Amino acid sequence: MSQDSWNSALYEQNHAFVWQYGESLLELLAPQAGERILDLGCGTGQLTEKIAQSGAFVQGIDSSLSMISTAKANYPHISFAAADARDFQVEVPLDAVFSNAVLHWVKQPDAAIDCVEKALRPGGRFVAEFGGKGNVGAIARALLSVLSEIGLKEPESLNPWYFPSIGEYALLLEKQGFDVGYAVLFDRPTLLEGGSAGMVNWIEMFAGGFLSGWSDDVRSRAILAVEECLRPTLYRDGNWIADYRRIRVVAVKNY
Ligand code: BEZ
């Protein structure tokens with residue numbers, strides 16, 4: 001995760017779906033006892049703990065100190081450290097790097113892939129899921145349109161997200177020494193927690209970058225305007241469904 005505007009308590013309270021959905025990614029990782037694995041962007045550590053349960057030696061890193069401090073409190077038996085996905089090193093080459101719902105925050109993907117490549121042993125695997133091309137498209141369009149309406153000249157310049165296509169990301173991986181064995185882009189409509197408050201909670205947690213620099217009053221009005229734009233398409237029977245689209249990749253470092 002890229003900046004420390006994270007509130008790990010609110011993240012755990014309202015957005016547990018992030019790691020709950022990530023559990024199926026663990027099947028692609030298939031961690032084995034004794035393997036050395038890094039959880040890149042571990043958040044509050046729930047998936048790191050699942051990896052540890054396989055008997056693998058796992059370490060979690062995240063750029064948010066708030067997330068790392070909560071992860072350490074949640075799972076004191078696991079090693080967690082603050083580190084940037086674009087600039088980290090490991091002491092001993094790893095069997096696998098795992099990453100769930102993080103790389104869409106990393107706008108320099110080649111820097112992150114370079115670190116992953118250097119961290120793995122030859123034949124080691126990189127298993128990742130994040131937002132893919134078109135992810136939260138309706139939400140992003142509503143945010144950009146509301147920001148234009150309130151007078152912002154280039155709202156796209158505030159976009160904090162990186163949502164690549166399979167072709168784009170696979171090419172980056174191949175250029176940096178990986179064979180891409182599996183890549184898929186799929187829609188995953190996602191029920192937001194909090195009932196009628198779900199979209200406002202989500203925007204405050206995950207889309208704050210679009211709204212930084214505005215007064216609290218303008219910010220609140222903008223969020224309500226975005227919510228109204230989205231209500232006809234994403235609100236059903238008292239719940240908000242976000243238009244998530246995921247990319248999953250499994251890539252192996254060349255020998
Ligand atoms: C995602 O998991 O796809 C996501 C999370 C936060 C902001 C944007 C996308």
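The model shown is predicted, which means the values in this text are computed figures rather than measured ones. Throughout, numbering of the chain's residues begins at 1 and tracks the sequence. Indexing begins at 1, ligand by ligand and atom by atom, following the structure's order.
Salt bridge annotation for Arg36-Asp95: absent, with no cationic side-chain nitrogen under 4.0 angstrom from a carboxylate oxygen. Ion pair Glu117/Lys175 not flagged as a salt bridge, since none of the NZ, NE, NH1 or NH2 atoms sits closer than 4.0 Å to an Asp/Glu carboxylate oxygen.
Within the 4.0 Å heavy-atom criterion, neither part of Tyr21 lies near ligand 1. Heavy atoms of Tyr162 found under 4.0 angstrom from ligand 1: none, in either backbone or side chain. Only the side chain of Tyr244 comes within 4.0 Å of ligand 1, judged by heavy-atom distances.
Scanning all protein heavy atoms for the shortest distance to atom 7 (C) of ligand 1 gives Trp161 NE1, 3.4 Å. Atom 9 (C) of ligand 1 has as its closest protein heavy atom Asn135 ND2, 3.4 Å.
Heavy-atom proximity to His104, at under 4.0 Å, picks out these atoms of ligand 1: 1 (C), 2 (O), 3 (O), 4 (C), 5 (C). Of all the atoms in ligand 1, the ones that sit under 4.0 Å from a non-hydrogen atom of Arg246 are 1 (C), 2 (O), 3 (O).
Using bins of under 30°, 30° to 60° and over 60° for the plane-to-plane angle, the ring pair Trp105/Trp6 lands in the perpendicular bin.
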Do Tyr169 and Phe130 pass the ring-ring contact (aromatic ring centres under 6.0 Å, His included) test, and can you show the C-alpha distance, the side-chain angles, and the key distance before you say yes or no? CA-CA 11 Å; Tyr169 205 74; Phe130 51 102; 4.8 Å; yes

Go through it in stages, so that I can follow the logic: the residues are Val116 and Leu40, the test is side-chain contact (heavy atoms from CB on, under 4.5 Å), and I'd like the CA-CA distance, side-chain angles, deciding distance and then a yes or no. CA-CA 9 Å; Val116 171; Leu40 173 59; 3.9 Å; yes

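Distances between N or O atoms of Trp202 and those of ligand 1 include no value under 3.5 Å.
Every residue two or more places apart in sequence or in another chain that forms a ring-ring contact (aromatic ring centres under 6.0 Å, His included) with Phe210 is listed here: Trp161.
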